[in-house]
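Just follow the structure's listing: the first ligand is 1, and inside any ligand the first atom is 1. Throughout, numbering of the chain's residues begins at 1 and tracks the sequence.
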Amino acid sequence: MSYSERNITRVIVREAAKDWEEISDTDIVIVGAGPAGLTAAYYLREFGFDVVVFERRLSFGGGIGGGGMLFHKIVIEEEAKEIAEGFGMKLKEVESGLYSVDSSDFLAKLSYSAVESGAKVILGVTVDDVVFRPDPLRISGVLVQWSAVQISGLHVDPLMIESKAVVDATGHDAEIISIAARKLPELEIFIHGEKSAYSEMSEKLVVEKTGKVAEGLYAAGMAVAAVHGLPRMGPIFGGMLMSGRKVAEQIMFDLKK
Ligand code: 48F
């Protein structure tokens, strides 16, 4: 077999272009490949939707890899055990109803599950705005830019993606909902900002408040805490898994109506 440099280039450009053509009109855009975004991606694929995840960095996982203060362990509570084990994570019961898992195990198994489900995860892409339509007012897509272009400060227009739902799984800053709240005041979204830590309360409330913030726009994971003014919880990740699953269920319910 022989191949030349030009074949390598052609394969990459052609195959990527085919994917981008499909991505430009997808069912669901998830912003952020952290624990909440990847879990949402997995379940949305299970429910039969086309899913693309845009992740700013060149790696999966958001806050997973850092464990707790770089110690390589993450804590999961009983309520999320079934989801974690469904991804094949190796949990160790350390106290009644409390489990530890290696951050690398959590990261690898969740990432594998999301990709294997058929979700397209595109790394190195930052979402920097949303698309909207009036009457009725709704979010109908996102604007995307190479993270490298953003970092360079070059003035380059983004590309645009249409979707039926956008999930903000960007973590503590709720970046996408914050942009929508600022640029589209008619959405009447008020960002309360995250509170200091109260882990047990936060784990419950993050899941409870997960869901739609405007037509076509949803919050999952720590973005929920930022939007609704909930406390933070540190390196216990069960709430992120349950929030990811809940947002998927809500989107399925809304879109199948
Ligand atoms: O921060 P992140 O892990 O969010 P999460 O899924 O989980 C939070 C936990 O990691 C932890 C915690 C739970 O105990 O408190 O912090 O809510 O993942 C968010 C991902 O989104 C990416 C970011 O690089 C990270 O990987 N991201 C953020 N903004 C953008 C983005 C953006 N505008 N475009 C693309 N990716």
Side-chain angles (χ1 to χ4, degrees), residues 23 29-43 52-71 73-77 80 83-84 101 103 106-107 110-111 114 120-130 141-151 158-159 161 166-180 182-183 194-207 209-210 217-228 230-248:
I23 286 168
V29 167
I30 296 175
V31 190
L38 290 173
T39 306
Y42 171 82
Y43 281 103
V52 58
V53 182
F54 291 116
E55 167 54 52
R56 163 181 286 152
R57 297 190 224 170
L58 293 178
S59 55
F60 287 77
I64 299 170
M69 206 184 86
L70 292 182
F71 288 111
K73 297 286 177 186
I74 279 169
V75 172
I76 293 196
E77 64 274 48
I83 304 179
V101 52
S103 50
F106 189 116
L107 175 52
L110 179 56
S111 305
K120 200 55 106 173
V121 183
I122 308 288
L123 302 175
V125 168
T126 296
V127 172
D128 74 358
D129 207 343
V130 294
V142 295
L143 271 58
V144 290
Q145 182 57 274
W146 303 120
S147 301
V149 169
Q150 266 218 341
I151 293 162
L159 284 177
I161 308 291
V166 174
V167 180
D168 184 335
T170 63
H172 295 265
D173 294 331
E175 277 193 33
I176 309 310
I177 296 172
S178 301
I179 290 167
R182 191 179 73 247
K183 297 180 110 177
E194 186 184 277
K195 283 195 168 127
S196 297
Y198 182 173
S199 304
E200 200 173 342
M201 172 73 78
S202 179
E203 283 288 279
K204 285 195 184 76
L205 288 178
V206 155
V207 182
K209 299 276 186 192
T210 289
L217 182 60
Y218 295 78
M222 285 314 288
V224 177
V227 173
H228 295 283
L230 311 180
R232 62 189 301 189
M233 80 286 281
I236 175 163
F237 275 57
M240 300 298 102
L241 299 178
M242 291 187 279
S243 171
R245 182 175 66 181
K246 186 177 173 196
V247 84

Enquirer: Can you sort out which atoms of ligand 1 are near Gly221, meaning under 4.0 Å from one of its heavy atoms?
Expert: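 With Gly221 as reference, the close atoms of ligand 1 come out as 17 (O).
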
Enquirer: Side chain, backbone, both or neither: which part of Asp173 comes within less than 4.0 Å of ligand 1 when only heavy atoms are counted?
Expert: neither

Enquirer: Nearest protein heavy-atom contact for atom 1 (O) of ligand 1: which residue, which atom, what distance?
Expert: Gly171 CA, 3.8 Å

Enquirer: Got a sec, which residues hit salt bridge (charged side-chain N to carboxylate O under 4.0 Å, His left out) with Glu77, two or more places apart in sequence or on another chain?
Expert: none

Enquirer: Hey, which atoms in ligand 1 end up nearer than 4.0 Å to a heavy atom of Gly234?
Expert: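 This gives 13 (C), 14 (O) as the contact atoms.
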
Enquirer: Of all the non-hydrogen atoms in the protein, which one sits nearest to atom 18 (O) of ligand 1, and at what distance?
Expert: Gly34 CA, 3.5 Å

Enquirer: Run the numbers for me: atoms of ligand 1, each under 4.0 Å from some heavy atom of Phe54, listed by number.
Expert: 35 (C), 36 (N)

Enquirer: Mind listing the closest non-hydrogen atom pair of Ala219 and Val247 along with its distance?
Expert: O-CG2, 3.8 Å

Enquirer: Note the single closest protein heavy atom to atom 24 (O) of ligand 1, along with its residue, its atom name and the distance in Å.
Expert: Glu55 OE2, 2.7 Å

Enquirer: Of the non-hydrogen atoms in Thr170 and Asp168, which two are nearest, and what is the gap between them?
Expert: OG1-OD1, 2.6 Å

Enquirer: Using every non-hydrogen atom in the two residues, find where Pro231 and Ala225 come nearest and quote the distance to one decimal.
Expert: O-CB, 4.2 Å

Enquirer: Starting from atom 3 (O) of ligand 1, find the nearest protein heavy-atom neighbour and note its residue, name and distance.
Expert: Gly63 N, 2.8 Å

Enquirer: Consider side chain to side chain contact (heavy atoms under 4.5 Å, CB included). Of Ile30, Ile177, Leu217, Ile161, which one does Val166 pass it with?
Expert: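 Testing Val166 for a side chain to side chain contact (heavy atoms under 4.5 Å, CB included) against Ile30, Ile177, Leu217, Ile161 leaves exactly one candidate, Leu217.
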
Enquirer: Below a 4.0 angstrom heavy-atom separation, can you tell me which part of Arg56, side chain or backbone, both or neither, approaches ligand 1?
Expert: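 Both backbone and side chain.
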
Enquirer: Can you name the atoms of ligand 1, numbered from 1 with element, that are less than 4.0 Å from a heavy atom of Ile236?
Expert: 14 (O)

Enquirer: I'd like to check Leu123 versus Phe60 (side-chain heavy atoms, cut-off strictly below 4.5 Å). Are they in contact?
Expert: yes

Enquirer: Would you tell me whether Asp128 and Thr126 have side-chain atoms, one donor and one acceptor, within less than 3.5 Å of each other?
Expert: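 No - no donor-acceptor pair under 3.5 Å links their side chains.
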
Enquirer: Show me the pairs that pass salt bridge (charged side-chain N to carboxylate O under 4.0 Å, His left out) and involve residues 230-241, at least two apart or across chains.
Expert: Glu194-Arg232

Enquirer: With a heavy-atom distance limit of 4.0 Å, tell me whether Ala169 approaches ligand 1 through its side chain, its backbone, both, or neither.
Expert: backbone

Enquirer: Does Arg232 reach ligand 1, in the sense of a heavy atom lying below 4.0 Å from it?
Expert: no

Enquirer: Indicate the atoms forming the closest heavy-atom contact of Ala180 with Val130, along with that distance.
Expert: CB-CG2, 4.3 Å

Enquirer: Please confirm whether the backbone N or O of Val207 pairs with a side-chain atom of Lys246, one donor and one acceptor, at under 3.5 Å?
Expert: yes

Enquirer: Run the numbers for me: atoms of ligand 1, each under 4.0 Å from some heavy atom of Gly62, listed by number.
Expert: 3 (O), 18 (O), 25 (C), 26 (O)

Enquirer: Give me the nearest non-hydrogen protein atom to atom 21 (O) of ligand 1 as residue plus atom name, then the distance to 0.1 Å.
Expert: Gly32 CA, 3.1 Å

Enquirer: Please list, in number order, the atoms of ligand 1 under 4.0 Å from a heavy atom of Met233.
Expert: 13 (C), 14 (O)

Enquirer: Give a yes or no on whether Lys73 atom NZ has more than 12 heavy-atom contacts from other residues, nucleotides or ligands under 6.0 Å away.
Expert: yes

Enquirer: Look at atom 34 (N) of ligand 1 and say which protein heavy atom is nearest, naming residue and atom and giving the distance to 0.1 Å.
Expert: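 Result: Val127 N, 3.0 Å.
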
Enquirer: Looking at non-hydrogen atoms alone, which of Ile179, Thr170, Leu241, Ile30 comes nearest to atom 27 (N) of ligand 1?
Expert: Thr170

Enquirer: Where does Met222 meet ligand 1, judged by heavy-atom distances below 4.0 Å: at the side chain, the backbone, both, or neither?
Expert: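 The answer is both.
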
Enquirer: I need the atoms of ligand 1 closer than 4.0 Å to a non-hydrogen atom of Thr126, numbered in the order shown.
Expert: 33 (N), 34 (N), 35 (C)

Enquirer: Just do the side-chain contact (heavy atoms from CB on, under 4.5 Å) check on Val31 and Glu175 with the steps written out, would you?
Expert: CA-CA 9 Å; Val31 190; Glu175 277 193 33; over 6 Å; no

Enquirer: Could you list which atoms of ligand 1 come closer than 4.0 Å to a heavy atom of Arg57?
Expert: 24 (O)

Enquirer: So which heavy atom in the protein is nearest atom 16 (O) of ligand 1, and how far is it from that ligand atom?
Expert: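 The answer is His172 NE2, 2.8 Å.
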
Enquirer: Taking all atoms of both residues into account, what is the closest heavy-atom pair of Leu107 and Gly61, and its distance?
Expert: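 Scanning both residues, the minimum pair turns out to be CD1-CA, 3.5 Å.
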
Enquirer: Under 4.0 angstrom from ligand 1, any heavy atom of Val125?
Expert: yes

Enquirer: What is the minimum heavy-atom distance between Glu203 and Phe237, and which atoms define it?
Expert: OE1-C, 4.3 Å

Enquirer: I need the nearest protein heavy-atom contact for atom 6 (O) of ligand 1: residue, atom name and distance, please.
Expert: Ala36 N, 3.0 Å

